[in-house]
Amino acid sequence: MQLIWNGGIGTYVKATHESHADADDRANDQLRVDADQLKCEVFGEGGNLGLTQAARIEFALNGGALNTDFIDNSAGVDCSDHEVNIKIALDEIVAAEDLTEKQRNETLEAMTEEVAQLVLTNNARQVQTLSLAQRHAQSRQAEYQRFIHRMEVDQRLEREMEVLPSDDEISERFGRGAGLARPELAVLLAYAKIHIKQNLVQSNIHADRLIGNQVTQLFPDSLTNRHAQALHSHRLSREIIATELANDVVHHMGITFVIHLMESVGGNVSEIVRAYFAAAASFDIRENYRAIEQLTGVSEELKLELLLEQIRLGRRVTRWIMRHRRQFGDTGQFIDTFKHRIAQLNAQRDRFPETAGSARFGRRTQELCTAGLPEAIAKQCAAANDIAVALPIIDAADGANAELLAVAQAYVELGQSLRLGWLREQLGDMTANSHWQAMERDSLLDDVATHQSRLAAAAVSHAGGDIDQWMRSNQIFTQSWQRTIENIEHAGAPDFSLYSMTGRKLDDLCRGLVQGS
């Protein structure tokens with residue numbers, strides 16, 4: 001049997017180790033089975049608490065597929081939320097005499113299908129987020145453990161009450177390749193959204209001109225198009241914006257994103273969400289998500305792989321913004337500064353000489369086209385691995401008042417001449433043995449790209465982009481760095497500390513170069 005769909009009232013499945021009393025549903029004690037007795041691949045919960053949470057986890061760890069009742073039934077609650085918020089908005093419009101009572105009722109009825117689509121889309125994205133989290137967590141045990149620790153402090157999460165595993169059990173599971181079960185990830189998803197929303201409600205993020213427009217995302221287009229101003233003055237606008245942003249962040253960047261960035265680069269929730277919002281708009285991450293979701297004739301596994309690449313892109317660019325442009329002012333101005341130039345750089349890849357990055361881009365594009373993706377979407381997806389370097393390149397070009405494509409050209413040539421591209425590949429392939437090493441590796445990758453961009457801008461400003469001339473003019477830097485790269489190549493099996501020290505060496509050399517200029 002492939003699917004059991006539970007639509008009734010009552011708890012019909014318990015975990016093997018639980019008693020009937022643990023299920024707390026005496027009326028169905030004679031009907032209840034243990035999770036290991038289920039003879040299906042998928043269990044769907046149309047009713048509330050069809051299984052105990054412990055039973056869900058046991059079924060999932062034994063290879064079954066299921067979510068939780070609050071995920072499978074989320075459309076009902078979501079529909080009620082939409083209804084309440086729409087009725088408040090319409091009543092305020094009627095009070096302002098912009099609609100009659102009759103028009104209000106007709107408008108409400110006419111929005112039925114639009115609201116249904118909004119609700120179903122949100123439900124589908126929650127389920128997709130769990131599928132992504134299952135894959136994302138496989139190599140990030142410490143990150144998810146630290147998320148749980150943070151929720152215990154910030155949100156008073158109680159593991160026993162939520163049936164979440166202890167740290168020892170998590171380690172044991174990851175050691176045998178099991179990881180966190182999907183019902184457990186569903187609980188963490190709920191905590192992530194609550195945590196983000198509560199922090200955003202208490203912030204002033206809604207005052208940002210562009211982000212404030214998120215209030216309209218909750219409502220059907222037919223209402224937004226006619227009464228946008230009234231929606232902006234909705235008495236629950238702050239809460240609506242916080243909810244929409246929390247959904248947006250978790251659905252597109254995952255459960256642990258905000259906490260991970262807070263640990264990695266500091267900052268509070270609203271700063272990270274604002275940086276993400278700017279990054280997502282600048283790199284069309286939401287649009288890329290939609291294009292991938294709508295692909296037909298492509299396996300679901302490949303779609304999830306492509307979405308995970310968008311998550312990695314979003315993490316990299318948000319981290320860069322938090323490290324280098326944290327106080328960027330108005331979000332709309334930031335996007336205006338970067339968006340079209342990111343697209344310009346992406347469109348000019350063919351102008352640059354062959355590099356490891358461009359070769360990888362070509363191979364990936366061909367692989368995706370062979371897998372059934374249209375060429376335009378294949379190129380967009382293939383670019384996700386490298387396009388994050390657009391931010392430091394643009395930033396360096398602006399800082400030196402240099403022409404953007406000239407700096408990009410110099411960036412590529414310096415990557416070859418100074419082996420910086422090779423170094424980034426070595427860092428990217430380096431296995432981190434701890435949560436802290438993973439964060440250090442990510443920071444080192446950012447630092448190398450940032451230094452390479454600034455060196456490229458200097459080569460354009462002082463040598464017209466002639467890399468050979470610039471290197472001859474800066475022989476002390478060049479020779480010192482070449483010796484550093486040679487040390488790595490002759491190290492045999494380089495360990496993480498060698499790469500860490502190499503990053504610091506590059507930082508010192510670049511600082512000396514600036515001071516000596």
Side-chain angles (χ1 to χ4, degrees), residues 77-122 125 193-194 196-252 258 268-282 284-287 289-290 327-337 339:
V77 175
D78 196 10
C79 187
S80 296
D81 289 345
H82 276 81
E83 179 185 358
V84 169
N85 287 317
I86 288 171
K87 285 181 175 178
I88 290 173
L90 288 174
D91 288 347
E92 290 174 348
I93 294 169
V94 170
E97 299 184 351
D98 289 332
L99 276 179
T100 65
E101 190 69 27
K102 180 180 179 182
Q103 289 172 324
R104 175 259 192 205
N105 295 338
E106 291 172 347
T107 300
L108 191 60
E109 183 177 357
M111 288 188 293
T112 300
E113 291 301 320
E114 287 182 278
V115 171
Q117 190 56 55
L118 287 170
V119 167
L120 291 174
T121 297
N122 194 45
R125 286 182 183 152
K193 287 188 175 183
I194 292 168
I196 294 170
K197 178 183 175 181
Q198 288 181 351
N199 278 273
L200 293 182
V201 166
Q202 296 168 11
S203 75
N204 67 346
I205 196 169
H206 64 284
D208 186 290
R209 174 180 56 86
L210 191 61
I211 291 177
N213 288 332
Q214 289 298 294
V215 71
T216 63
Q217 299 302 305
L218 178 96
F219 300 97
D221 289 343
S222 58
L223 186 60
T224 301
N225 293 338
R226 296 178 185 177
H227 302 285
Q229 188 55 49
L231 299 181
H232 281 286
S233 55
H234 195 291
R235 68 171 180 263
L236 297 178
S237 61
R238 182 184 290 235
E239 289 78 7
I240 291 171
I241 291 168
T243 300
E244 290 302 303
L245 288 173
N247 287 338
D248 187 342
V249 172
V250 175
H251 291 170
H252 293 100
V258 168
N268 57 41
V269 173
S270 64
E271 286 179 319
I272 290 169
V273 170
R274 218 164 68 88
Y276 153 74
F277 191 91
S282 298
D284 291 327
I285 289 174
R286 297 183 200 85
E287 291 78 6
Y289 251 77
R290 302 295 85 79
Q327 306 298 328
F328 58 77
D330 183 77
T331 305
Q333 290 178 354
F334 179 95
I335 296 167
D336 289 342
T337 298
K339 185 179 175 68

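Residue indices begin at 1 and follow the sequence shown.
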What's the verdict on side-chain contact (heavy atoms from CB on, under 4.5 Å) for Thr243 and Leu218, showing C-alpha distance, side-chain angles and the deciding distance? CA-CA 9 Å; Thr243 300; Leu218 178 96; 5.8 Å; no
If I compare all heavy atoms of [X] with all of [Y], which pair ends up nearest, and what's the gap?
X      : Y      : result
Glu271 : Asn268 : N-OD1, 2.9 Å
Ala278 : Ile335 : O-CG1, 4.0 Å
Ser270 : Leu200 : CA-CD2, 3.7 Å
Ala281 : Arg286 : N-NH1, 3.9 Å
Lys197 : Ala242 : O-CB, 3.8 Å

As an exercise, state the distance from [atom1] of [X] to [atom2] of [Y], rounded to the nearest 0.5 Å.
X      : Y      : atom1 : atom2 : result
Asn105 : Glu109 : CG    : CD    : 9.0 Å
Arg125 : Asp248 : CZ    : CG    : 9.0 Å
Phe328 : Arg274 : CZ    : CZ    : 4.0 Å
Phe219 : Glu244 : CZ    : CD    : 9.0 Å
Gln117 : Asn122 : CD    : CG    : 11.5 Å

Would you tabulate the side-chain donor-acceptor contacts of residues 83-90 under 3.5 Å, counting partners in other chains and residues two or more places apart, or write 'none'?
unit_1 : atom_1 : unit_2 : atom_2 : d
Glu83  : OE2    : Lys87  : NZ     : 2.6
Asn85  : ND2    : Asp81  : O      : 3.1

So the side chain to side chain donor-acceptor pair (under 3.5 Å) pairs with at least one residue in residues 218-230 (sequence neighbours excluded) are Glu114-Ser222
Checking side-chain contact (heavy atoms from CB on, under 4.5 Å) for the pair Lys339/Asp284: CA distance, chi angles, key distance, verdict? CA-CA 8 Å; Lys339 185 179 175 68; Asp284 291 327; 2.3 Å; yes
Hey, mind stepping through Lys193 and His251 against side-chain contact (heavy atoms from CB on, under 4.5 Å) and telling me if it holds? CA-CA 10 Å; Lys193 287 188 175 183; His251 291 170; 2.8 Å; yes
Would you confirm whether Arg238, through its side chain, and Ser203, through its main-chain N or O, come within 3.5 Å as a donor-acceptor pair?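 Side chain of Arg238 to backbone of Ser203, a donor-acceptor pair under 3.5 Å: yes, one is there.
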For the backbone of Thr331 and the side chain of Asp208, can you confirm whether one donor and one acceptor N or O come within less than 3.5 Å of each other?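 Yes; at least one donor-acceptor contact below 3.5 Å.
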Using distance only, find each side-chain donor-acceptor pair of residues 209-217 under 3.5 Å and give its atom names and separation, not counting sequence neighbours.
unit_1 : atom_1 : unit_2 : atom_2 : d
Arg209 : NH2    : Asp330 : OD2    : 3.1
Asn213 : OD1    : His232 : NE2    : 3.4
Thr216 : OG1    : Asn213 : O      : 2.8

Does the side chain of Val201 reach to within under 4.5 Å of the side chain of Gln198, using non-hydrogen atoms? no
Going by the angle between their ring planes, with limits at 30° and 60°, are His252 and Tyr276 parallel, tilted or perpendicular?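 His252 and Tyr276: parallel rings.
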